[in-house]
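When a ligand or atom number is given, it counts from 1 through the structure's own listing order.
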Amino acid sequence: MKGFCLVLVFVAILVSVRGDLQMGFYGSSCPKAEKIVQDYVNQHIPNAPSLAAALIRMHFHDCFVRGCDASILLNATSSSGNQTERVATPNRTVRGFDFIDTLKSLVEAECPGVVSCADILALAARDSIVITGGPSWKVPTGRRDGLLSNASEALSDIPAPTDNITILTQKFANKSLDLKDLVLLSGAHTIGISHCPSFSNRLYNFTGVGDRDPTLDSEYADNLRSRKCRTQNDNTTKVEMDPGSRKTFDLSYYSLLLKRRGLFESDSALTRNSNTLTYINQLLQGSVQNFFSEFATSMEKMGQIGVKTGSSGEIRRSCAVVNS
Ligand code: HEM
Ligand SMILES: *[C@@H]1O[C@H](CO)[C@@H](O)[C@H](O)[C@H]1NC(C)=O
Ligand SMILES: *[C@@H]1O[C@H](CO)[C@@H](O)[C@H](O)[C@H]1NC(C)=O
Ligand SMILES: *[C@@H]1O[C@H](CO)[C@@H](O)[C@H](O)[C@H]1NC(C)=O
Ligand SMILES: *[C@@H]1O[C@H](CO)[C@@H](O)[C@H](O)[C@H]1NC(C)=O
Ligand SMILES: *[C@@H]1O[C@H](CO)[C@@H](O)[C@H](O)[C@H]1NC(C)=O
Ligand SMILES: *[C@@H]1O[C@H](CO)[C@@H](O)[C@H](O)[C@H]1NC(C)=O
Ligand SMILES: *[C@@H]1O[C@H](CO)[C@@H](O)[C@H](O)[C@H]1NC(C)=O
Ligand SMILES: CC(=O)N[C@H]1CO[C@H](CO)[C@@H](O)[C@@H]1O
């Protein structure tokens, strides 16, 4: 028995040295944490399902900059004058900060200073997608919160809607994600909304001569111009990426891509690379359940990007500021 315990301790040390996350990391330090998150999500997301899209996007943006360490949640600090990720262009349309703050305060009330903001975000993103009928995936925990947030890194690491396949491939490879992950994770655009500036260059002035993007279905482009983005600079109108099905996590995003109706250049680009196109066709031939399980695998990879464990980072007391 003693030997067994020693082995356990040894394994535990190995695990922490390797910096892995683990299922139920808070099992003894805050056993109710995951349930508190799930209960609150289950209570509130059904009344505000569009937040599910906002939260999975926030988790993605968090993971792509300095790893999944809740750096996205940090407020700009006026004293240092730092431009944090939140103020960077890709973040301006990220929503859901208040929701995470509320979850954090509920969890803090149960066990102060134990559960990281990064884990709360990862759990809330998964639970909210599940409650809206989407896929589920494993969320091992033990992420710690970062001390830095940097707007220029958000600009360089988060893919832009105008990125071509070369740049998308590089930005994903930089996070140890491959082309298959790119196709699958882009599938999250089956839910949620965007704003005209993310794609209106395709409708009005694609190459700077008042032209359109020839790869966008012209009937769809006409509709977007006459009903949605009446001017190129409209930044208030909300536009669904998967019209008619924006609340349902399904394969219709991929069908639209093949009809040349992917909203962003980055979506459209997936159909002009032979590897990604093959993969899109395979997904469309498979079942929704198959898509869900493949999506889950990619989300589990995304949730591990650059995580801080052990003694790096900290457990933030308030998600918007580093502990003083
Ligand atoms: C492949 C590179 C990607 C690019 C270039 C990209 C770009 C964008 C853009 C421009 C928007 C709309 C922002 C706006 O105008 O309001 C958006 C929305 C969204 N993105 Fe992505 N995205 C990418 C990958 C992902 C990934 C990996 C996920 C999650 C796994 C994701 C989930 C979402 C969701 C759910 C929304 C809707 C948000 C809402 O309704 O508030 N995206 N994305
Ligand atoms: C962070 O910024 C938001 C929006 O500007 C503000 O509502 C919130 O009070 C700030 N939080 C902290 C802890 O400073
Ligand atoms: C702001 O910048 C200073 C100096 O580079 C750095 O020490 C500090 O940690 C930064 N704060 C955040 C929140 O990134
Ligand atoms: C933010 O990151 C950029 C690029 O890595 C770096 O040049 C800059 O000094 C960083 N800013 C802060 C405040 O740390
Ligand atoms: C992709 O975009 C980058 C940066 O805008 C550009 O340098 C490159 O030539 C583009 N590649 C292709 C194949 O269009
Ligand atoms: C990702 O990009 C950064 C600079 O932007 C670079 O320092 C780092 O080595 C890259 N990581 C990988 C895995 O390519
Ligand atoms: C299109 O873009 C070019 C270059 O940015 C600009 O000079 C031109 O005025 C724009 N045309 C229209 C119709 O907006
Ligand atoms: C929207 O556009 C207006 C006018 O160009 C500008 O003042 C405002 O800051 C923009 N809002 C966002 C969220 O970018
Ligand atoms: C949704 C959200 O909090 N967006 C923030 C992005 O950054 C600007 C500038 O700091 C804030 O005003 C927004 O509130």
Discussion item. Show the nearest heavy-atom pair for residues Ala118 and Arg143, with the distance to one decimal.
Written reply: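 Residues Ala118 and Arg143, closest heavy atoms: CB-CB, 3.8 Å.
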Handout entry: Minimum heavy-atom distance Ile193-Arg246, with the two atoms named
Key =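 Looking at all heavy atoms of both residues, the closest pair is CG2-CD, 4.1 Å.
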Report, one line per pair, each donor and acceptor closer than 3.5 Å where one atom sits in a side chain of residues 120-135; sequence neighbours left out.
residue : atom : partner : partner atom : Å
Arg126  : NH1  : Trp137  : O            : 2.8
Ser128  : OG   : Ala124  : O            : 2.9
Ser128  : OG   : Ala125  : O            : 3.1
Thr132  : OG1  : Ser128  : O            : 3.2
Thr132  : OG1  : Ile129  : O            : 2.8

TODO: Take Asn150 and Ser152 through the test side chain to side chain donor-acceptor pair (under 3.5 Å) and record every step on the way to the result.
DONE: CA-CA 6 Å; Asn150 182 326; Ser152 72; 3.0 Å; yes
Using a strict 4.0 Å cut-off to heavy atoms of [X], name the atoms of ligand 1 that fall inside it.
X: Pro159; result: 2 (C), 5 (C)
X: Gly192; result: 37 (C), 40 (O)
X: Ala188; result: 28 (C), 29 (C), 30 (C), 31 (C), 32 (C), 35 (C)
X: Ser194; result: 12 (C), 14 (C), 15 (O), 16 (O)
X: Phe172; result: 1 (C)
X: Ala160; result: 5 (C)
X: His195; result: 14 (C), 15 (O), 16 (O)
X: Ser198; result: 10 (C), 13 (C), 14 (C), 15 (O)

Requested in this report: Enumerate the protein residues lying less than 4.0 Å from ligand 5, judged by heavy-atom distances, in chain and residue-number order.
Outcome: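 Contacts of ligand 5 under 4.0 Å: Asn164, Thr166, Ile167.
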(request) Please indicate whether any nitrogen or oxygen in Asn205 is less than 3.5 Å from any nitrogen or oxygen in ligand 7. (result)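 Checking ligand 7 against Asn205, an N or O pair does fall under 3.5 Å apart.
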Just to be sure I read this right, does ligand 1 sit under 4.0 Å from the backbone of Leu182, its side chain, both, or neither, counting only heavy atoms?
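The answer is the side chain.
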Under the side chain to side chain donor-acceptor pair (under 3.5 Å) test, which residues partner Asp181, sequence neighbours left out?
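By the side chain to side chain donor-acceptor pair (under 3.5 Å) rule, Asp181 matches Ser298, Lys301.
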Please tell me whether [X] and [Y] have a donor and an acceptor in their side chains that are separated by less than 3.5 angstrom.
X: His189; Y: Asp242; value: no
X: Asp250; Y: Thr190; value: yes
X: Gln282; Y: Tyr254; value: no
X: Thr278; Y: Asn281; value: no

| task | Could you name the option among Glu240, Lys238, Met302, His189 that has the heavy atom nearest to atom 23 (C) of ligand 1? | result |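 Among Glu240, Lys238, Met302, His189, the closest heavy atom to atom 23 (C) of ligand 1 comes from His189.
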- Message: For a side chain to side chain donor-acceptor pair (under 3.5 Å) check, start with the C-alpha distance between Asp20 and Gln304, then their side-chain angles and the critical distance, and finish with the verdict.
- Response: CA-CA 8 Å; Asp20 285 351; Gln304 310 260 358; over 6 Å; no
Is there a heavy atom of [X] sitting under 4.0 angstrom from any atom of ligand 1?
X: Phe199; value: no
X: Ile193; value: yes
X: Met241; value: yes
X: Ser186; value: yes

Applying disulfide bond (SG atoms under 2.5 Å apart), which residue pairs with at least one partner in residues 99-151 are found, sequence neighbours left out?
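Disulfide bond (SG atoms under 2.5 Å apart) check on residues 99-151 returns Cys30-Cys111, Cys117-Cys319.
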Using the ring centroid of each side chain, check whether Phe206 and Phe199 are separated by less than 6.0 Å.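 No, they do not, as the ring centres are separated by 6.0 Å or more.
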- Apply side chain to side chain donor-acceptor pair (under 3.5 Å) to the pair Tyr26 and Asp119, showing each step before the final yes or no. CA-CA 10 Å; Tyr26 302 109; Asp119 278 339; 2.5 Å; yes
